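As structure tokens, the structure follows; a few thoughts come after it.
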Amino acid sequence: IKITDSSYANIDMGLINKNKFDLALEKSVTKITVQNKDGVKAYNYDHKTLPKIDIHAKKIAGSTIIIEYAITVKNEGNVAGYVKNIVDYLPEGMEFNADLNTSWYAGKDGNAYTTALADQVLQPGEAREMNIVLTKKMTNTNTGVINNRAEIYEAYNEYGLTDIDSTPGNKAQGEDDIGSADALITVKTGGAVTYTVVAIVVLFLIGFGVYIIRNKTLKDLN
């Protein structure tokens with residue numbers, strides 16, 4: 001039997017197994033560092049997709065947020081392949097620093113790219129992880145959710161197959177070659193402390209009122 005279609009191989013007992021090329025990408029947050037006049041505070045995470053950071057209202061302006069993302073690519077098919085290029089779609093307000101990302105480069109379109117995995121073959125079931133670090137200078141008006149996406153920009157395999165469920169670099173949500181991670185930056189107003197003080201005052205007034213009523217009742221009885 002002669003096989004002419006490169007997407008078929010491995011004839012065994014008259015059965016033909018179709019090759020499947022399928023690369024996937026996931027993105028998560030592993031660390032957030034807050035820098036301001038009070039110093040540096042770091043928060044570590046186990047690959048979270050929505051970590052939350054509270055910064056005091058008096059310190060938010062002038063703070064710098066440094067977010068470290070993990071990008072994991074995995075071969076979910078049964079054909080070995082290569083992730084030739086990965087793109088990180090930089091969120092508005094986030095800055096890319098080449099000194100913090102030596103394996104990445106800034107593209108003319110304002111996004112960041114890496115070919116660090118271009119020569120590393122991904123066998124079926126294998127995964128690779130790499131990092132990208134982005135920074136943001138905070139003001140009183142730019143808090144909220146920071147959404148960051150990364151995508152496989154170029155892929156390759158020796159059979160010349162296309163990915164079964166994704167198109168590299170097309171920014172299409174729902175495909176498994178694009179991953180997203182959010183970070184929520186909020187303002188801490190000190191409300192919890194205020195409520196605690198108010199509660200103590202209320203309890204004091206209630207106790208004092210009970211004391212006055214009790215003493216008046218005793219005097220009336222006497």
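Quick caveat: nothing in here was measured; it's all calculated off a predicted structure.
Under a 3.5 Å cut-off, the side chain of Asp163 and the backbone N or O of Thr167 do not form any donor-acceptor pair. A distance-only check finds a donor-acceptor pair linking the side chain of Asn142 to the backbone of Thr139 [under 3.5 Å]. A donor-acceptor pair under 3.5 Å links the side-chain atoms of Trp104 to the main chain of Asn131, judged by distance alone. Glu151 places no side-chain N or O within donor-acceptor distance of the main-chain N or O of Gly179, the cut-off being under 3.5 Å. For the pair Asn78 (side chain) and Lys20 (backbone), a donor-acceptor distance under 3.5 Å is present. Checking side-chain atoms of Asn147 against main-chain N and O of Pro91 turns up no donor-acceptor pair under 3.5 Å. Side chain of Asn97 to main chain of Asn101: no donor-acceptor pair is present (N/O by atom type, distance under 3.5 Å, no hydrogens or angles). In terms of modelled atom types and a separation under 3.5 Å, the side chain of Thr114 and the main chain of Ser103 share a donor-acceptor contact.
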> Passes side chain to side chain donor-acceptor pair (under 3.5 Å), Asn85 versus Thr115? Steps please.
Replying inline: CA-CA 5 Å; Asn85 204 339; Thr115 57; 6.0 Å; no

>> Run Glu26 and Lys74 through side chain to side chain contact (heavy atoms under 4.5 Å, CB included) and show every step you take.
In response: CA-CA 8 Å; Glu26 294 181 352; Lys74 184 177 181 180; over 6 Å; no

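Pairs of residues two or more places apart, or lying in two chains, never qualify as salt bridge (charged side-chain N to carboxylate O under 4.0 Å, His left out) while including a residue from residues 164-175. Sorted by first then second residue, the salt bridge (charged side-chain N to carboxylate O under 4.0 Å, His left out) pairs that include residues 106-131, not counting sequence neighbours, are Glu126-Arg128. Applying the ring pair (Phe, Tyr, Trp, His ring centres under 6.0 Å) test to residues at least two apart or on different chains, none of the pairs has a partner in residues 161-180.
Residues forming a salt bridge (charged side-chain N to carboxylate O under 4.0 Å, His left out) with Asp88 (at least two apart in sequence, or on another chain): Lys27. A search for side chain to side chain contact (heavy atoms under 4.5 Å, CB included) contacts involving Ala57 returns Val187, not counting sequence neighbours. Among residues two or more places apart in sequence or in another chain, the side chain to side chain donor-acceptor pair (under 3.5 Å) test is passed with Ser28 by none. Here Glu154 pairs with nothing under the salt bridge (charged side-chain N to carboxylate O under 4.0 Å, His left out) rule; sequence neighbours left out. Partners of Tyr105 under the ring pair (Phe, Tyr, Trp, His ring centres under 6.0 Å) rule, at least two apart in sequence or in another chain, are Tyr113. Not counting sequence neighbours, Lys41 has no partner by the salt bridge (charged side-chain N to carboxylate O under 4.0 Å, His left out) test. Every salt bridge (charged side-chain N to carboxylate O under 4.0 Å, His left out) that Lys59 has, sequence neighbours left out, goes to Asp38.
The side-chain heavy atoms of Tyr45 and Ile32, taken from C-beta on, include a pair separated by under 4.5 Å. Looking at heavy atoms from C-beta onward, Asp176 lies in side-chain contact with Glu76 at the 4.5 angstrom threshold. Side-chain contact between Lys136 and Ile67 is absent, with no heavy-atom pair separated by less than 4.5 Å. Side-chain contact between Thr49 and Val29: absent, with no pair of heavy atoms (C-beta onward) separated by less than 4.5 Å. Inter-residue side-chain proximity for Ile178 and Leu25 is flagged as unmet; no heavy-atom pair is nearer than 4.5 Å. Here the side chains of Ile146 and Asp182 are not in contact, with every heavy-atom distance at 4.5 Å or above. Using a 4.5 Å cut-off on side-chain heavy atoms (C-beta onward), Val73 and Asp177 make no contact. Contact check for Thr186 versus Leu184: side-chain heavy atoms found under the 4.5 Å cut-off.
With salt bridges taken as basic N to acidic carboxylate O contacts below 4.0 Å, none links Lys48 and Asp46.
Remark: Thr135 OG1 to Met138 CE distance equals 11.5 Å, nearest 0.5 Å. Atom CD of Gln35 and atom NZ of Lys137 lie 11.0 Å apart (nearest 0.5 Å). In this structure, the separation between CE on Met130 and OG1 on Thr72 is 10.5 Å, given to the nearest 0.5 Å. From Ile60, atom CD1 reaches atom CD1 of Ile185 across 7.5 Å, with rounding to the nearest 0.5 Å. Between Ser180 atom OG and Tyr69 atom OH the span is 9.0 Å, to the nearest 0.5 Å.
Annotation: Tyr153, atom OH; neighbour count of heavy atoms from other residues, nucleotides and ligands within 6.0 Å does not exceed 12. Glu92 CD: 12 or fewer foreign heavy atoms inside a 6.0 Å radius.
Closest approach of Ala80 and Gln123 over heavy atoms only: CB-OE1, 3.5 Å. Taking each heavy atom of Ile53 and Tyr43 in turn, the nearest pair found is CD1-CD1, 3.4 Å. Residues Ala118 and Lys84 share a closest heavy-atom pair of O-NZ, 3.3 Å. Closest approach of Ala106 and Phe96 over heavy atoms only: N-CE2, 3.8 Å. For the pair Asn157 and Gly81, the tightest heavy-atom approach, listed with the atom from each and the gap, is CB-CA, 4.3 Å.
Here Val121 sits in one hydrophobic cluster together with Tyr82, Tyr156; the rule is ILVMFWY side chains under 4.5 Å apart, joined directly or through other members. With a 4.5 Å cut-off between side-chain heavy atoms of Ile, Leu, Val, Met, Phe, Trp and Tyr, the cluster of Ile66 takes in Leu100, Val133.
A side-chain contact (heavy atoms from CB on, under 4.5 Å) with Leu117 is found for one member of Ile86, Ile71, Leu122 and no other, namely Ile86.
Linking Ile, Leu, Val, Met, Phe, Trp and Tyr whenever their side-chain heavy atoms come within less than 4.5 Å puts Tyr159 and Leu23 in one cluster.
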